[in-house]
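Remarks on the structure that follows.
Whatever order the structure lists them in is the order used to number ligands and atoms, beginning at 1. Atom set for the values below is all heavy atoms of this structure, side chains included, hydrogens, waters and symmetry mates excluded. Because the structure is a prediction, the values reported are computed rather than measured.
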Amino acid sequence: MPVSDSIDFESGVDTAVEDEAGNATERLPINELFHSLQGEGSLVGVPSTFIRTSGCNLRCWFCDSYHTSWEPTHTQLRIPEIVAEVESHGTDHVVLTGGEPLLYDESVALLEALDERGYHTTVETNGTIYREAPIDLASVSPKLESSTPTPERDPSGEGAWEERHETDRIDVESLARLVEAYEFQLKFVVTDADDMPEILALLETLRDAAESPIRDDDVLLMPEGATRERLAETRTRVADLAMEYGFRYTPRLHVDLWNDAPET
Ligand SMILES: C[S@@+](CC[C@H](N)C(=O)[O-])C[C@H]1O[C@@H](n2cnc3c(N)ncnc32)[C@H](O)[C@@H]1O
Ligand SMILES: Nc1nc2[nH]cc(C(=O)O)c2c(=O)[nH]1
Ligand code: SF4
Ligand SMILES: [Mg+2]
């Protein structure tokens, strides 16, 4: 594969690296790889190994993984190296997250290698990209208007990503394909009641577009907050909204336990 073909212009991350003989080798840009408890969603509390790829096609102003999106940092690892690291942690569950892990062809090869070894795989994705892969749980977090990095909310202070984020954040076709192909959860980041009309409208559109059902039980409201302090402001409000609308609430257990520490 020519090196230039594998430069990912979306994320600005080059996934092609040559070995000593000058052959291109499959690698993934990895920001962190760690053992923790699943902190979000239907598998909350399950001991899991997290693989966090770097690079994202969106720029949520609140992104709790700044070094995979706004300022990506990573090391390039081969799939066997990633699998060996996962094996050393001894969990049954693996969570592939990012950044946006489905940007990369190599994520499919990684998921296949994990599946062959019997791991349960969850993929955390923003839902803008569909790929066919052995995914046991597609944990899809479509991004609402309230995630858009307007000049006032942009952590880099410029508002340069506002238009692109706003244009790209919802892709109904990709969302429908993810929902049809995989066991899934739709996990919305919610700040307050202003987010609810957009969630309801998107669900209506998606229920029309997808051939398989989306139950209210598949919809999770997750409080916006990368720190304990911020979650203390949002979580009760979001829990009340979950009760009012009949959706599920998911905590952010890892933030409760370890605040915003890396590798948690
Ligand atoms: C860092 S993202 C990586 C996966 C993918 N890019 C996505 O957004 O789904 C992992 C999860 O964290 C959520 N998230 C990121 N920042 C957050 C914040 N400040 N508060 C609540 N959830 C957040 C995302 O919505 C997503 O469910
Ligand atoms: N403990 C823990 N659980 C998580 N669930 C989804 C996460 C993510 O960043 O995708 C995450 C994370 O970063 N940490
Ligand atoms: S889509 Fe996910 S990784 Fe990308 S900026 Fe938003 S929260 Fe961060
Ligand atoms: Mg996280």
Side-chain angles (χ1 to χ4, degrees), residues 10-13 29-34 36-44 48 50-74 95-104 107 122-129 135 137-149 153-156 161-162 164-166 168-171 174-175 178 184-192 195 199 219-235 237-238 249-264:
E10 285 281 292
S11 64
V13 174
I30 300 297
N31 173 264
E32 54 182 10
L33 201 165
F34 58 95
S36 185
L37 300 177
Q38 172 56 278
E40 307 168 9
S42 56
L43 293 175
V44 75
S48 305
F50 289 80
I51 305 166
R52 191 182 304 285
T53 59
S54 193
C56 191
N57 57 335
L58 300 181
R59 291 292 184 279
C60 306
W61 69 266
F62 54 61
C63 183
D64 64 4
S65 303
Y66 186 85
H67 289 288
T68 67
S69 54
W70 290 97
E71 205 181 289
T73 60
H74 47 269
V95 182
L96 179 61
T97 182
E100 180 43 57
L102 295 184
L103 278 172
Y104 306 114
S107 289
T122 298
V123 174
E124 303 283 348
T125 175
N126 60 29
T128 59
I129 300 163
I135 296 172
L137 176 63
S139 177
V140 184
S141 184
K143 292 301 176 291
L144 303 174
E145 190 277 332
S146 57
S147 69
T148 298
R153 297 190 297 203
D154 182 339
S156 73
W161 268 81
E162 179 179 16
R164 184 168 169 193
H165 179 97
E166 190 50 35
D168 294 349
R169 65 186 171 82
I170 298 291
D171 182 325
S174 297
L175 288 171
L178 287 163
F184 69 94
Q185 59 193 12
L186 293 173
K187 193 173 60 171
F188 291 99
V189 176
V190 176
T191 303
D192 56 34
D195 290 316
I199 293 174
V219 179
L220 283 68
L221 307 188
M222 178 163 73
E224 175 248 308
T227 62
R228 285 177 185 145
E229 293 68 27
R230 177 63 179 156
L231 275 187
E233 295 169 358
T234 56
R235 70 177 156 216
R237 207 158 57 210
V238 175
Y249 171 85
T250 172
R252 290 182 38 86
L253 176 67
H254 52 309
V255 181
D256 294 338
L257 291 171
W258 302 296
N259 200 14
D260 55 356
E263 304 194 328
T264 59

With respect to S147, which candidate in R169, E166, H165 satisfies the side chain to side chain donor-acceptor pair (under 3.5 Å) definition? H165

Please evaluate residues I30 and I51 with respect to the criterion side-chain contact (heavy atoms from CB on, under 4.5 Å), reporting the C-alpha separation (whole Å), side-chain torsions for both, the decisive distance (0.1 Å), and the verdict. CA-CA 7 Å; I30 300 297; I51 305 166; 3.7 Å; yes

Report yes or no: do E40 and T250 form a side-chain donor-acceptor pair below 3.5 Å? no

The answer, listing residues by chain and number that come under 4.0 Å of ligand 1 through any heavy atom, is E40, F62, C63, D64, S65, T97, G98, G99, E100, E124, T125, N126, S141, K143, K187, V189, M222, P223, E224, G225, A226, R252

Cut-off 3.5 Å, side chains only: do D195 and S146 have a donor facing an acceptor? yes

Within less than 4.0 angstrom of ligand 3, does G99 place any heavy atom? yes

I need the E124 CD to L102 CG distance, nearest 0.5 Å. 10.5 Å

So which bit of C56 gets within less than 4.0 Å of ligand 3, heavy atoms only: side chain, backbone, both or neither? side chain

Give the residue, atom name and distance (to 0.1 Å) of the protein heavy atom nearest atom 8 (Fe) of ligand 3. C63 SG, 2.3 Å

dist H67:NE2 -> E32:CD (nearest 0.5 Å) comes out at 10.5 Å

Using a distance-only test with no angle check, is there a side-chain donor-acceptor pair under 3.5 angstrom linking N57 and E100? no

Quick one: list whatever passes salt bridge (Lys or Arg N to Asp or Glu O under 4.0 Å) with R230, sequence neighbours left out. E224, E233

Residue, atom and distance of the protein heavy atom nearest atom 6 (Fe) of ligand 3 read C60 SG, 2.3 Å

Output the list of atoms in ligand 3 that are nearer than 4.0 Å to some heavy atom of N126, sorted by atom number. 1 (S)

